[in-house]
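Keep in mind it's a predicted model, so treat the numbers as computed, not measured. Letters go in sequence order (proteins before strands), and every chain restarts at 1.
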Amino acid sequence: MIICTSKMEYPLISQCKRVQKQVMVNSEKERVSLLFMKALVSRGSVDAVSQQMASHPQYLESFLRTQHYILHMDGPLPLPYRHYIAIMAAARYHCSYLVCLHSAQFLRAGGDPLWLQGLEAAPPRLRLLDHINKVLAHQPWLTACSHIQSLLKAGEQCWSLAELVQAVVILAHCHSLCSFVFGCDTDSDLAHLAKSPNGTPPTFCPFDAANGNANVPQSLRQPSEHITRRRSLDSSCDMVCLKERIQKSQEEQEKREERLLQAQTLQQTDVEDEEEMLCFADPSRFITDPDFCYQEFARRDEDHLQVLRVQDYSWEVHGFSLINRLYSDIGHLLDDRFRSVTSLPSLHSADLKRAIWNYIHYVLGIRYDDYDYVEVNQLLERDLKLYIKAVACFPDVTKTPVCPLSWTLLKASERIHVNLLIMEARLQAELLYALRAITRYMIA
Amino acid sequence: MEKMSRVTTALGSSSITGRTMFCHLDAPANAISVCRDAAQVVVAGRNIFKIYALEEEQFVEKLNLRVGRKPSLNFSCADVMWHQMEENLLATAATNGAVVTWNLGKPSRNKQDQLFTEHKRTVNKVCFHPTEAYMLLSGSQDGFMKCFDLRKKESVSTFSGQSESVRDVQFSMKDYFTFAASFENGNVQLWDIRRPDRYERMFTAHTGPVFCCDWHPDDRGWLATGGRDKMVKVWDMTTNRAKEIYCVQTIASVARVKWRPEKKFHLATCSMMVDHNIYVWDIRRPFIPFATFEEHKDVTTGIVWRHQHDPHYLLSGSKDSTLYQHMFKDATRPVDKANPEGLCFGLMGDLAFAVNESLVSSDAGRKPYPGGDRRYPFFSFKKPNPTEQFAHVSSALSVFETDLDSSRMDWFVKTAQLYLLSGKPFTELCDHNATVAQELKRPQVRRVRTKIIIRITGTANLNVSAFSFSMKEMGPESRLERCKGESRPDNVHLDLTSFPENEETEGSDGPTEYMFGDAELDDDDLYPMEHDNQTVPEEPVYTLPPEAFQLRHEIIDNPSAPEHLQQDKADSPHVSGNEAEVACLTPIESFSLISISQPLYSPHLHASFFCPIVREMLSHYAERGDVQMAVSVLIVLGERIRKEIDDLTQEHWYMSYIDLLQRFELWNVSNDVIKLSTCSAITCLNQTSTTLHINCSNCKRPMSNKGWICDRCRQCASACAVCHHVVKGLFVWCQGCSHGGHLEHIMNWLKNNSHCPAGCGHLCEYT
């Protein structure tokens, strides 16, 4: 299975030395590259999202740890389920990038390729999740005790509380990640590539060259197509990495066109793989009721009962205690994420960060008693508010025109910082609503 | 002496009476507080701010402080405190960051007195000085504590904790100038009210937020803290370093903690989430709550002892919009319900069992075992009990010794190892497993097996003669092994009852009866036991789960009994195991036979026809404690039987069997079973706990949580010498030069080369 002919050895060795040299780089970039290195060696890929976050290594670390934990570590849900739930979540926003990514991982985890034909082909248990997925994605304040009950009391197909909590965490994580992907415009790149006539699959290294990201140690090709085929523990990953490295070293000497050619030939060897084609499926097949979308919360505000007041249900006190009880350790990981995103060093003042955070929670119906919302208008310019709202509530390329951004004066890392804030605030908001519903269910 | 006089002045004037009672509030409460004479209680919440009088039989609403048509957020209270000296003075902490004081002596409807809006975030806690009339302390989400002099318009001093949000502030009961503050990051700080620049002392009390703290009312140095990490800790603050002297582990994050008056070691806690009860703990007995109040339907948000010198009345407010007065005498005492039993295995298989004496005696009276007392070396002891608060418990301790020579589970290990579960056609698997059983000298198993085969095939009028051969073969053998015969009658007996439709051939009936009689005649010592089994087929042995089954072995296994008896008893489950093993074969074997001799019967008909019988039998043996058989049959039969048995049962069997296998350290077998099982809950066992801790091959340090790169030396760990890539699976290395790599790479390399691929010059060899 392992291909290791003599002609491959030399480029490989030099490649490895080069990689090692890169790992030796000092300072902050070192931390990032080490993280990437780890991700690469353990998962066989570094996705585009992680690269975008590379400007904030401290945050990236806790993000990767959480993501790794909920998708790959101990938990009540089987691995293919987790990725399928992620697909469902990303499909809500037609985020083809995440759908592809998780489709590949779904197959890699041993999932049934049939399920990727659409939600109808999935087991009824997963189909049950569709409703809460829809609500959480677009109007999380509607999440009610009855939704939880319908999932937990569904007879044969019922969910256990622990499974549900993990599913909710994955849903919220992916929804908010969609916002980030949209905000960073990652998706449109991919969509473009996916439609490109030469048939390069979207997971096929679009980023290393596009970003000019020199400190990214590896090409970013998704190994999905190989790995779905062979799932032996060791060799499959090696296989992919080997190919990647061959690819990379050749790439250094040759021009990009030649590399693409190479990629095509490589792909052609695998062209018999039907499965991979499923990755490029239309995301809308994983959802129902595609017209359901965000509605202005303020207008539906007549009865104040729907408002979630942080003083009555906060992440630190209530959310954490509940989630950590039902899905051990996740509370600490998420706590770490929320903390690190608020403590990121940045040009923004703490007031501005708080304004952004509270504004996102405001549009999602969460109110802080101790915050004067006039500050939001003072601190956030109109187009920034528009941007935030678009990214937080309509992160869907098929529906929203690409960000109306005139604040190009900001540095890229600052922009990513804002996107991170949006992502985390959304994540917390969804979790709060879902957990509040679960709490009510438990009391009732 | 001083304390005594205070008590009399406090309680003497109006002794407190009352009963357990409650009243409905209009809205969820966030906090409650009582006035000094224990006659009134104030309840505060987001939408409620009322004063209730505590009367003999009920709560009576005295005053609604929430006035105005559209009350401002200043009325939305996170905390409330009633001054313990001035009975007209209250303070609230508002969720919008305001600190408000209220003067009940004001003539107008609005009793609001002063409003301090200095905090930027929600104020979590307000606290009056216990003796000073005008001193108020507040702690806020913004990380600051402020001290207010109520005669002035603004705070007199601000304390910056420098460590996140303040969760609680409490003035010391004894030290005039000292207060404690607890923080969201787990710290607790001690401050001197005169020195706002710097805390006197700081220590980390909990991981995660410390939600509450409370000074001991009598003991100068004790501070109790409760945190999100579900712990209550008691700290001795008199020493230089704060020392943790007691720790209570609760089941949910601790929201409030209050020392019980007049009881040095008691404190009350309530939780922030999930758990709605109020617990009173004796901190010296941290495992079971001393008393529990279980009235609330939602989380309890505020608890307060009604009078600071009366330990019998507890008031509580809750999110379920009720206010309760709990009488201590009505509390639930979990200790009373606890069943003090202990069971432990010794290193050599001895079993010690301690139980409440009363239970033992009554049990013995109810059901005397044959020759019971003689067998069990009983002795009892009294626990010395220093505190009068706990009932004396005396228990009887029994120790059952085992005879080491007879390790009764040998059969289990052997069969587990030898059984083939997959990889061959069904018939071969069955034959193999049957042979295994036979080799382990379980003739009666085989006999019963054949009987079943005959029974099943017999219904189809199949070639009985083919089996009579094996019958005859088995007969003498079983007769030779008398001891085994002893348990057989009951096997057979049960077996027959479980198959009412059986049409046994004479051949199978004969040996059974014969053996039965044989055992009876042969060994008088055995007779009582056997008799017992026979007359009471529902004896616990057969209903206990596998673990308990072993216990039963131990009990049976007494010094007076002959050794072969033990062996025999141990054999019996195995017997049944193989028996079932064979039974599982039967449908398959029968149709294979049919296909040879009488092709009239289609295999499918038979498989489905016998499924109910097999299922019944499987559950029968599983109930009798032999999951090995049940699981082996399940796996070997695969699809044929799976649908007949519901998933939960299957899962249960698998889990039990895997558990047993792992106890015997049969890791490979248990992994096989996991892999071959079809329950999703079982197969995913292989995906959990897959962490493997490794050290870096370069610097010999432990590797970090994940990844293949060492944090210290920045090298890929365990690289292959051939491809220089990380080896994640099988790693092979030369014992001479300690270089190595992927198994296949090294193999390929050493086919063509004799030197080490690392270039060290060593002449490696691959064998």
Side-chain angles (χ1 to χ4, degrees), chain A residues 1-2 4-6 8-9 12-13 15-17 19-20 23-24 30 34-35 37-42 64-65 68 73-79 109 232-235 237-238 241-242 245 309-312 316-322 324-326 331-332 335 368-372 439 442-443, chain B residues 28 30 46 73 76 78 94-97 119-123 140-142 165 184 208-209 211 228 252-253 255 271-274 276 297-299 319-320 680 683-684 687-690 704-709 711 714-716 719-720 722-730 742 744-745 748-749:
Chain A
M1 180 164 289
I2 298 289
C4 192
T5 58
S6 55
M8 278 184 187
E9 279 155 23
L12 272 176
I13 290 165
Q15 165 72 4
C16 284
K17 280 179 184 157
V19 170
Q20 279 176 359
V23 179
M24 293 294 193
E30 181 188 20
L34 191 66
L35 278 174
M37 200 60 185
K38 277 184 184 172
L40 181 77
V41 183
S42 61
L64 286 179
R65 202 182 301 135
H68 181 72
M73 297 290 282
D74 286 5
L77 285 175
L79 294 178
S232 76
L233 182 68
D234 180 21
S235 45
C237 283
D238 282 359
C241 291
L242 282 173
R245 290 180 177 196
R309 297 203 172 263
V310 165
Q311 272 70 22
D312 289 344
E316 287 80 10
V317 177
H318 305 90
F320 177 93
S321 304
L322 183 64
N324 218 36
R325 186 186 192 86
L326 296 172
H332 293 289
D335 219 26
Y368 289 77
D369 280 347
D370 55 355
Y371 190 72
D372 184 1
T439 310
M442 289 168 81
I443 290 169
Chain B
N30 276 348
R46 170 171 296 282
L73 278 175
S76 165
T95 51
N96 64 354
H119 284 296
K120 289 199 176 59
R121 304 283 304 270
T122 299
V123 180
S140 158
Q141 198 76 15
D142 60 13
S165 309
E184 203 151 285
F211 287 133
R228 195 172 71 180
S253 49
S271 157
M272 210 140 234
M273 276 301 283
V274 190
H276 310 158
K297 305 281 188 295
D298 197 346
V299 285
K319 287 259 187 212
D320 64 4
S680 58
T683 42
C684 74
Q687 292 163 8
T688 58
S689 305
T690 48
S704 64
N705 48 357
K706 61 167 183 157
W708 301 89
I709 298 170
D711 274 335
R714 303 290 154 85
Q715 300 272 324
C716 287
C720 172
V722 177
C723 70
H724 290 253
H725 193 63
V726 177
V727 184
K728 294 180 191 171
L730 289 176
H742 291 104
E744 288 150 271
H745 290 186
N748 287 334
W749 177 274

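- With a threshold of 4.5 angstrom between heavy atoms, B/M273 approaches chain A through side-chain atoms but not through N, CA, C or O.
- Using a 4.5 Å cut-off between heavy atoms, B/A252 touches chain A through backbone and side chain atoms alike.
- B/H119 and B/G97 make their closest contact through CB-O, 3.4 Å (heavy atoms, listed as atom of the first residue, atom of the second, distance).
- Separating the CG atom in A/D312 from the CG atom in B/N30 is a distance of 6.5 Å, to the nearest 0.5 Å.
- Heavy-atom distances place the side chain of B/R46, and not its backbone, under 4.5 Å from chain A.
- Rounding to the nearest 0.5 angstrom, the gap separating the CG atom in A/N324 from the OG atom in B/S253 is 10.0 Å.
- The OG atom of A/S321 sits 7.5 Å away from the CE atom of B/M272 when rounded to the nearest 0.5 Å.
- Residue contact with chain A, scored on non-hydrogen atoms closer than 4.5 Å, involves the side chain of B/K319 exclusively.
- When each of A/L322, A/D372, A/D369 is checked for heavy-atom pairs under 4.5 Å with chain B, A/D369 comes out on top.
- Atom-to-atom distance recorded for A/I443:CD1 and B/H276:NE2 is 4.5 Å, nearest 0.5 angstrom.
- In this structure, the portion of B/S76 lying under 4.5 Å from any heavy atom of chain A is its side chain and not its backbone.
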